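Shown next, in structure tokens, is the structure this report addresses.
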Protein chains: 2
Amino acid sequence: MKKMTIQEDLKEKGLKSTKHRMAILDILVKKDHPISAEQIFFEIQEMDVAINLSTVYRNLEVLVEKSMVTKLTLSGDNRSVYEYNRMVHRHYLICLGCKKILAIEHCPIKKYEQQIESETDYKIVGHKLDLYGYCPECREK
Amino acid sequence: MKKMTIQEDLKEKGLKSTKHRMAILDILVKKDHPISAEQIFFEIQEMDVAINLSTVYRNLEVLVEKSMVTKLTLSGDNRSVYEYNRMVHRHYLICLGCKKILAIEHCPIKKYEQQIESETDYKIVGHKLDLYGYCPECREK
DNA sequence: TTAATTGCAAATATTTTGCATCGGC
DNA sequence: GCCGATGCAAAATATTTGCAATTAA
């Protein structure tokens, strides 16, 4: 499978490359942690591009549908956050002091999934693991 | 530390034992999986006890504050769910077909937390792990 | 008695939707 | 030109809050 530009990827999925859709993807591609629809909305406005919040939501919905973006909810927060789907799965370390989110790459639960599969007779298709703690700066307070 | 009744526990925390508060706790104690504020509201109404949804929210808030209840969000859903805090930590297996939630007990990530602590210099205080899959019944469809 | 609790209605926050218009291909 | 994308306003959903009345201790 050859490497695709985002435009090609959109075309292949039957989605138009509009300036808003591209702006949303540009922002998500650059982030290494998930952000909310509202944050995306503000960042696009800061780029001096007019956009409506419902356009952000509608785009995120179709991008999630097409698996280009992943939607998740981090505990404690009521709203959803979104990240570009790099096809690698990640876990997050969330600082309870300043709410900073750090992505961590290594995943320790392949074996655990298999164990649960045989114990419960479920077919496991994924998981979500978030760690909570205090970053070096917040720890001092 | 001797075993306490829920009433004693409430008293010790400076909370009154009202019928609504007791009803909320009774429901949560009996569940082995987290439920939403609205589900609690409906279950109390089914017991022929009049209650307002905001009373449910306000009670859950204070019970979370006092650590008698845990608030969490399961991905995909926009709303929060609550469970009685048994001081044991649990993980959940969520069926993507019928949305059933199963609690699983064994936790595999003590060592992982230590590893991340030394890698990131964060102080880890907790984590959340949910598994997603299909239960035996939903798998057949 | 009195401070905590509750009901009710209204406010807030987040996300979704209907419909007319616009714009990519 | 067609059909998907967008703006706008309004609806839907989830949660919070102000205030007066009620109730547990």
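The structure presented is a predicted model; accordingly, all values stated were derived computationally and were not measured.
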- Query: Which residue pairs satisfy the salt bridge (charged side-chain N to carboxylate O under 4.0 Å, His left out) criterion with at least one member in residues 28-39 of chain A, sequence neighbours excluded?
  - Reply: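 Every pair satisfying salt bridge (charged side-chain N to carboxylate O under 4.0 Å, His left out) with a residue in residues 28-39 of chain A: A:Lys31-A:Glu43, A:Glu38-A:Arg79.
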- Item | Within residues 52-65 of chain B or reaching into it, pairs that qualify as salt bridge (charged side-chain N to carboxylate O under 4.0 Å, His left out) - sequence neighbours excluded |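 Counting only pairs at least two positions apart or across chains, no salt bridge (charged side-chain N to carboxylate O under 4.0 Å, His left out) contact touches residues 52-65 of chain B.
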- Message: Return a single string for nucleotides 4-10 of chain D, one symbol per nucleotide in 5' to 3' order, where B is base contact, S is sugar-phosphate-only contact and - is none, cutoff 4.0 angstrom on heavy atoms.
- Response: BSBBB--
- Rounded to the nearest angstrom, tell me the gap between atom CZ in A:Arg79 and atom C1' in D:dA12.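 Roughly 19 Å, once rounded to whole Å.
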Less than 4.5 Å apart, any side-chain heavy atom of [X] and any of [Y]?
X: A:Tyr122; Y: B:Cys135; result: yes
X: A:His127; Y: B:His91; result: no
X: A:Ile124; Y: B:Leu93; result: yes

- Would a distance-only check, ignoring hydrogens and angles, find a side-chain to backbone donor-acceptor pair under 3.5 Å from A:Tyr112 to B:His106?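 Present.
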- Message: Please check: side-chain N/O of B:Asp9 versus main-chain N/O of B:Met4, any donor-acceptor pairing under 3.5 Å?
- Response: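 Pair absent, no side-chain N/O of B:Asp9 close to backbone of B:Met4.
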- Item | B:Thr18: partners by side chain to side chain contact (heavy atoms under 4.5 Å, CB included), with sequence neighbours left out |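 Here the qualifying residues are B:Lys16, B:His20, B:Arg21.
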- Item | Residue pair A:Asn78 / B:Ser80, side-chain donor-acceptor N/O under 3.5 Å |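 The criterion, which ignores hydrogens and geometry beyond distance, is satisfied for B:Ser80 and A:Asn78.
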- Task: Determine whether more than 12 heavy atoms belonging to other residues, nucleotides or ligands lie under 6.0 Å from atom NZ of B:Lys11.
- Result: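 Atom NZ in B:Lys11 is not crowded, with 12 or fewer foreign heavy atoms closer than 6.0 Å.
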- Item | 5'-most by nearest nucleotide on DNA chain D - B:Asn78 or B:Glu61 |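 Whichever sits nearer the 5' end wins; that is B:Asn78.
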- Angle between terminal axes - the helix from C:dT1-D:dA25 to C:dC25-D:dG1, 5 pairs each end, rounded to 10°: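 Overall, the helix from C:dT1-D:dA25 to C:dC25-D:dG1 bends by 40° from one end axis to the other.
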- Message: Below 4.0 Å from chain A heavy atoms, what is the first contacting nucleotide of DNA chain C and what is the last?
- Response: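 Range of nucleotides within reach of chain A: C:dT14 to C:dC25.
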